[in-house]
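Take a look at the structure below.
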2 protein chains.
Amino acid sequence: MQKAAIERNNETIAAQLTPVGRETVQDRVYSELRRALIGGLFEPSQVLTIRGLADALVTSTMPVREALGRLITEKALEALPNRSVRVPPITLERIDDLLRARSLIEGEAIALAATRMNPRQIASVEAMLGEWDEMRALKHKKDIDREATLNQSFHFEIYRCCGSAVLIPMIESLWLQSGPCIRVAIYAFSDAGEVDTAHYHRSIVAALARQDAQAAREALVADISRPFAFLRDKLQSASKEGLRA
Amino acid sequence: MQKAAIERNNETIAAQLTPVGRETVQDRVYSELRRALIGGLFEPSQVLTIRGLADALVTSTMPVREALGRLITEKALEALPNRSVRVPPITLERIDDLLRARSLIEGEAIALAATRMNPRQIASVEAMLGEWDEMRALKHKKDIDREATLNQSFHFEIYRCCGSAVLIPMIESLWLQSGPCIRVAIYAFSDAGEVDTAHYHRSIVAALARQDAQAAREALVADISRPFAFLRDKLQSASKEGLRA
DNA sequence: TGGTTTGATTTGTGATCACACTTGCTTTGA
DNA sequence: TCAAAGCAAGTGTGATCACAAATCAAACCA
């Protein structure tokens with residue numbers, strides 16, 4: 001077979017095959033734990049063990065311990081002096097601290113995005129708005145997970161447009177840290193009246209559409225402040241009616 | 001021996017002994033690599049191997065690979081598709097990106113610190129100013145390392161006063177990322193005229209002393225902008241005179 | 001009965017090994 | 001002479017083992 005023919009043949013094959021990728025076990029464990037953390041599947045103060053997770057994920061301890069180490073360095077988990085690791089507990093100071101950091105950094109990211117998003121990108125996030133309404137309309141019981149996922153996609157779709165390779169990992173770290181807290185608030189939300197978050201998202205999109213960075217920032221801060229404020233009240237009243245260890 | 005007596009004896013001993021701590025090998029490796037990275041001991045684009053570092057640090061590969069994994073997640077190092085790891089290369093976009101993030105977050109941290117620092121803390125950082133002048137006076141050749149260390153202490157002494165357990169790790173991550181870049185600039189500084197950075201530090205301390213958050217933020221941004229601007233010019237002129245791989 | 005001690009189990013840490021993939025060089029064949 | 005195949009050294013990944021520290025529980029003594 002001549003060289004040209006082989007070349008052409010390879011190209012034909014390449015066009016039909018999709019790259020298989022080479023994700024390591026460690027990467028999968030890490031992604032899975034991230035997902036669980038952001039989704040709030042672990043409770044604050046819950047202790048995690050390497051062997052326990054390894055069994056649950058059906059791997060050996062090695063990939064798990066490395067994934068845990070990574071999560072500890074980004075403050076998504078906490079290393080106790082006992083060497084055991086737990087998801088960080090909720091405190092009032094931590095809630096305020098996280099909200100301030102998120103407002104600052106995500107606010108900056110969306111302000112940057114507002115000046116950079118092209119019509120196509122804006123249309124893309126606008127489409128997610130519709131998806132949101134759609135989901136809200138049929139009111140499944142799995143709403144909460146779905147809502148959280150969709151909410152995350154919505155925000156990061158915007159942040160990705162800020163064009164900063166430095167800010168985005170920081171935002172991911174912040175979501176990782178506030179995930180377990182937020183979930184508590186979300187559950188309470190769906191019990192309480194729950195003004196629709198879609199309203200907030202709509203005003204974010206509106207601000208982005210007219211490239212109003214300041215308005216986008218303010219709308220975003222209003223959006224992310226809600227669950228934190230809710231959680232804050234909940235925590236304060238809980239500690240008032242009787243403090244327990 | 002009675003219980004009370006034993007108790008008292010233990011307390012006496014405890015007062016004289018300093019806690020030995022229980023740092024793992026992995027922690028030491030991690031700290032050492034951090035120090036090297038912030039100090040700019042590794043060059044941008046340099047490739048690091050697990051076994052190579054393990055030999056250099058006289059340990060086995062295990063602690064090194066876990067430390068490398070942690071550094072990769074905080075973007076202090078970069079994982080190539082080959083699975084080898086290197087210190088991230090310098091690009092113009094990355095420089096601007098890092099400076100923007102640092103101005104935003106360190107600016108916020110110092111603004112918070114300005115409103116919270118007590119006279120004792122202010123006196124503490126003011127004392128470092130004197131130490132700086134002292135060092136500058138005798139002009140060793142080891143100036144650069146010493147300067148870098150002192151500069152780091154100065155900044156983090158202030159940041160620690162911001163009272164945010166969320167912002168500080170982010171700042172550490174940013175220093176880790178800009179370390180290799182900055183070092184390049186520092187070297188060039190000491191060749192060039194080098195207006196003294198002490199001047200900038202003095203105006204930072206002055207702003208903190210009168211609790212002027214806005215002035216402190218501006219003085220800080222001016223301080224950290226200098227090496228970045230310097231590096232930026234250097235890079236631009238280098239790419240202008242001929243681009244090489 | 002209450003507090004202490006002792007022992008077994010669990011857990012994290014580090015070392016070592018086996019395996020697969022990459023890389024660079026040598027060898028081979030046209 | 002040159003390109004492709006093959007080989008060898010080096011590298012990251014994951015599994016397993018050994019060990020020390022922590023935890024928990026039962027047994028023990030006062």
Side-chain angles (χ1 to χ4, degrees), chain A residues 1-11 17 19-33 42 45-73 76-88 245, chain B residues 1-10 19-33 42 45-73 76-88 245:
Chain A
M1 211 186 260
Q2 292 122 339
K3 204 174 74 172
I6 293 174
E7 195 71 20
R8 202 163 48 78
N9 189 22
N10 283 347
E11 277 173 18
L17 260 37
V20 64
R22 215 155 45 88
E23 204 183 25
T24 65
V25 178
Q26 181 191 150
D27 289 336
R28 278 201 297 277
V29 171
Y30 178 69
S31 303
E32 189 61 18
L33 291 180
F42 297 132
S45 298
Q46 181 178 349
V47 173
L48 305 177
T49 66
I50 293 179
R51 285 174 173 90
L53 290 174
D55 288 349
L57 296 166
V58 196
T59 46
S60 84
T61 63
M62 186 62 59
V64 175
R65 57 200 270 195
E66 298 193 338
L68 285 185
R70 291 168 68 181
L71 290 167
I72 289 171
T73 64
L77 295 175
E78 191 181 39
L80 271 53
N82 317 345
R83 296 267 146 88
S84 60
V85 5
R86 69 170 176 188
V87 6
Chain B
M1 212 187 258
Q2 291 121 338
K3 202 174 72 174
I6 293 172
E7 194 71 21
R8 201 163 46 79
N9 189 23
N10 283 344
V20 63
R22 215 156 45 85
E23 206 181 26
T24 64
V25 178
Q26 180 190 151
D27 290 336
R28 278 201 296 278
V29 171
Y30 177 69
S31 303
E32 190 61 19
L33 292 180
F42 297 132
S45 299
Q46 181 177 351
V47 173
L48 305 177
T49 66
I50 293 180
R51 285 173 172 91
L53 290 173
D55 288 348
L57 297 166
V58 196
T59 46
S60 84
T61 63
M62 186 61 58
V64 174
R65 59 198 269 193
E66 298 192 339
L68 285 185
R70 290 167 68 180
L71 290 167
I72 289 170
T73 64
L77 295 175
E78 193 181 38
L80 271 53
N82 317 343
R83 295 218 187 285
S84 61
V85 3
R86 70 169 175 188
V87 7

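A note on names: the letters A, B, ... follow the listed sequences, proteins ahead of strands, and every chain is numbered from 1.
If B:Val85 and A:Thr59 are placed on DNA chain D by their nearest nucleotide, the residue sitting closer to the 5' end is B:Val85.
Taking CD of B:Glu32 as the start and CG of B:Asp27 as the end, the distance is 13.0 Å to the nearest 0.5 Å.
Across D:dA15, C:dG12, D:dT13, the shortest atom-to-atom separation from the side chain of A:Thr49 is found for C:dG12. Closest contact between the side chain of B:Ile50 and the listed nucleotides D:dT13, D:dA15, C:dT13 involves D:dT13. The listed nucleotides are C:dT13, D:dT11, C:dA15; the one nearest the side chain of B:Thr24 is C:dT13. Nearest nucleotide to the A:Arg51 side chain, out of D:dT16, C:dG14, C:dT11: C:dT11.
Straight-line distance from the CZ atom of A:Arg86 to the C1' atom of C:dT11: 17 Å, rounded to whole Å. Across the protein-nucleic acid pair, B:Arg83 atom CZ and D:dG12 atom P stand 11 Å apart, rounded to whole Å. Rounding to whole angstrom units, CG of residue A:Leu57 and P of D:dA15 are separated by 12 Å. Between the CD1 atom of A:Ile72 and the C1' atom of C:dT13 there is a distance of 13 Å, rounded to whole Å. In this structure, B:Gln26 places its CD atom 19 Å from P of D:dA20, rounding to the nearest Å. We find that CG of B:Leu53 is positioned 15 Å from C1' of D:dG10, with the value rounded to whole Å. To the nearest angstrom, C1' of D:dA15 lies 14 Å from CG of A:Asp55. D:dG12 atom C1' lies 11 Å from atom CE of B:Met62, rounded to whole Å.
With hydrogens and angles ignored, no donor-acceptor pair under 3.5 angstrom links the side chain of B:Arg65 to the base of D:dG12.
When all heavy atoms are compared, the tightest approach of A:Gln26 to A:Arg70 is OE1-NH1, 3.3 Å. Heavy atoms only, all atoms of each residue included: A:Leu53 and A:Leu68 are closest at CD1-CD2, 3.9 Å.
Among the protein residues, B:Thr61 comes within range of the nucleic acid bases, having at least one heavy atom under 4.0 Å from a base atom. Residue B:Leu80 is out of contact with every strand shown, counting any heavy-atom pair closer than 4.0 Å. At the heavy-atom level, B:Glu66 lies nowhere under 4.0 Å from the strands shown.
Look at B:Asn82 and you won't find any side-chain N or O under 4.0 angstrom from OP1 or OP2 of D:dT11.
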Output, in order, the C-alpha distance, side-chain angles, deciding distance and verdict of side-chain contact (heavy atoms from CB on, under 4.5 Å) for B:Leu77 and B:Leu33. CA-CA 10 Å; B:Leu77 295 175; B:Leu33 292 180; 5.7 Å; no

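Side-chain contact between A:Thr59 and A:Arg28 is absent, with no heavy-atom pair separated by less than 4.5 Å.
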